[in-house]
Structure formats: C-alpha cells, structure tokens
Amino acid sequence: MDSSTLCLFDVDGTLTAARQHVTADMAAFLQTLKTRVRVGVVGGSDLSKIKEQLGDDVIQEVDYVFAENGLVAYKNGQLLSVQSIQAYMGEELLQDFINFCLNYMAKIKLPKKRGTFIEFRNGMLNVSPIGRSCTQEERKEFYELDQKEKIREKFVSVLREEFKGKGLSFSIGGQISFDVFPDGWDKRYCLGIVEKDNFSTIHFFGDKTKPGGNDYEIYSDPRTIGHEVSCPEETQQLCQQLFFS
C-alpha cells in the first residue's frame, strides 16, 4: 500500500456516466485501488447527488469525499469542514446575482423548461437554464442543443461582464448547468485540505479538463498529475496501467 500517493477522481463522466449510478464493476475496482493508494472523489455536486451516483456509503467507501469542490469535505467517514457562500458574498451581491440570472433566463426560449433554475448549495450556486428537475431525456436534448448554440457559454460570458471585479468564478460542467463560486473555490480548493496529509504524489482524473470546464484548474495545477479521460472505462484502464502493471 502506497499511502504517500492520492488518486482524486471527478464523478460525472469519470467514475460514472453523466448523472448515472456507478457500475458494480467500477465500485469494485475502486475498492481494489484502495489497496494500492489513497482514493478520493471531488465533485461539483452536493453530497446528496454524489451519494445518488456513488452510493449512500460513499464517505465510508473511499478515503476522501469532496462535495461542492471540497467546500464540504469528508475524510475517513468524518466531516472535516464546510464553507458558506452567503457568508462570503453577502446578501446584497447574492440577491443582485440571483435576480440578474432569473431575469436573463426568463428571456431564453428553449424546447422545454422545467423547475429549479438556481440551486443554492453550501459553497456555490448552480444555474440551469432548462431547470434541474428535467428528465434524463430532456437533459440529453438540452445538452445537444447547448453543444450547437452555446447557451451556457453565452450566459457565462454575460455574467463575467456584468459582475466583473466581484471576485466570482464560473465553471461549466455536466450537461445542463454551470457553477458560480468565489474565486479560488474551484476543485483546487480540495488540494488545500489534503496538503496537511503530505502526499508526495496526487493524481487527478477528470473529463472536463479544457479551459472553462470544471476540472480544468485542478487538472492543470502544478500540485497534481492530471489525466484526461472521456469515460469511466478509460479511467479504469488508465488506473490499471498506472497502479497494477
């Protein structure tokens, strides 16, 4: 067991298909990997969504779980720390931002719109033009349209302009939404937490590693060895080569 090496995994598109449950094969593989190195997951989603995908016992099954980029952090099954976006931003800026988003989304015409357009999390806001309560089918339809029409990309560039100098970062991940959080509260946030554990090597595996993607900052950070993957099968294959051959 090499306890000086940590492997950090993104969730969506890396350990599971987008918003789907982890396969039995991948879950078993992570347990096998844990006999070789320390294992952690870092997702933009909140803990309940990570549990939906990786199982209710995920905080017991891996060494670290970093929900909301690590703003809600668990180690060895215990809660380590929680950050709060409203305390950081203040109510006035927060409301200006939410009002602006709702106003902007009211003007977008889409094939379908559902509910929960802004989800308030501990350390971030998640903004979804179609609404998070859409079905898997509607999610796919929006994603395909977004690929062509860059709905989220255009929205984010308007927000960057409107809230310039307010210390906010934006990151597009998954299929239907983007995250908004204070500068520096991207997935690199979790690296500050594991620093205390003095790992000599930290590998990061993720699929949204291009600029603007929510894995980009941690993937390109000098503290990690970044690996870009396109699906869970590729993640497993890569780990097999790195740690078992």
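Rounding to the nearest 0.5 angstrom, the gap separating the CZ atom in Arg139 from the CZ atom in Arg132 is 6.0 Å.
Evaluation of the salt bridge (Lys or Arg N to Asp or Glu O under 4.0 Å) test over residues 230-244, restricted to residues two or more places apart or in two chains, returns none. Residues in residues 13-47 take part in these ring pair (Phe, Tyr, Trp, His ring centres under 6.0 Å) pairs, two or more places apart or across chains: Phe29-Phe244. Residues in residues 143-174 take part in these ring pair (Phe, Tyr, Trp, His ring centres under 6.0 Å) pairs, two or more places apart or across chains: Phe97-Phe163, Phe100-Phe163, Tyr104-Phe155, Phe155-Phe178. Among pairs with a residue in residues 68-93, those fulfilling ring pair (Phe, Tyr, Trp, His ring centres under 6.0 Å) read Tyr88-Trp185, at least two apart in sequence or across chains. Pairs engaging residues 89-98 under the salt bridge (Lys or Arg N to Asp or Glu O under 4.0 Å) rule: none recorded [sequence neighbours left out].
Using a 4.0 Å cut-off between charged side-chain N and carboxylate O, Lys34 and Glu61 make no salt bridge. Ion pairing between a basic and an acidic side chain is recognised when a charged N comes within 4.0 Å of a carboxylate O; Lys210 and Glu228 show such pairing. A salt bridge is defined here as a Lys NZ or Arg NE, NH1 or NH2 lying under 4.0 Å from an Asp or Glu carboxylate O, and Asp146 with Arg152 meets this definition.
Cluster membership check: Ile193 shares its hydrophobic cluster with Leu8, using side-chain heavy-atom separations under 4.5 Å among Ile, Leu, Val, Met, Phe, Trp and Tyr. Hydrophobic clustering of Ile, Leu, Val, Met, Phe, Trp and Tyr side chains at less than 4.5 Å, counting indirect connections, unites Leu159 with Ile176. The hydrophobic clustering, which links ILVMFWY residues whose side-chain heavy atoms are closer than 4.5 Å, places Ile225 and Leu242 apart. Under the 4.5 Å side-chain contact rule for hydrophobic residues, Ile202 and Ile218 share a cluster.
For Tyr219, the ring-ring contact (aromatic ring centres under 6.0 Å, His included) test picks out no residue, with sequence neighbours left out. In this view, Glu195 and Arg223 satisfy the side chain to side chain donor-acceptor pair (under 3.5 Å) rule, not counting sequence neighbours. By the side chain to side chain donor-acceptor pair (under 3.5 Å) test, Asp215 pairs with Lys187, sequence neighbours left out. Residues forming a ring-ring contact (aromatic ring centres under 6.0 Å, His included) with Phe199 (at least two apart in sequence, or on another chain): none. Tyr64 pairs by the ring-ring contact (aromatic ring centres under 6.0 Å, His included) definition with Phe66, not counting sequence neighbours. For Phe9, the ring-ring contact (aromatic ring centres under 6.0 Å, His included) partners two or more places apart in sequence, or in a different chain, are Phe205.
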Per-pair distances, 0.1 Å, donor-acceptor, side chain in residues 117-124, under 3.5 Å, sequence neighbours excluded:
unit_1	atom_1	unit_2	atom_2	d
Glu119	OE1	Lys49	NZ	3.0
Glu119	OE1	Arg121	NE	2.8
Glu119	OE1	Arg121	NH2	2.9
Glu119	OE2	Lys49	NZ	3.0
Arg121	NH1	Gly44	O	3.1
Asn122	ND2	Glu68	OE2	3.2

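The minimum heavy-atom distance between Pro111 and Leu145, with the atom names listed, is CD-CD2, 3.5 Å.
Enclosure of atom CD in Glu137 is not indicated, since only 12 or fewer non-hydrogen atoms of other residues, nucleotides or ligands lie within 6.0 angstrom. Residue-environment remark: NZ (Lys166) stays at or below the threshold of 12 foreign heavy atoms within 6.0 Å.
Proximity of Leu71 to Val82: side-chain heavy atoms (C-beta onward) are nowhere separated by under 4.5 Å.
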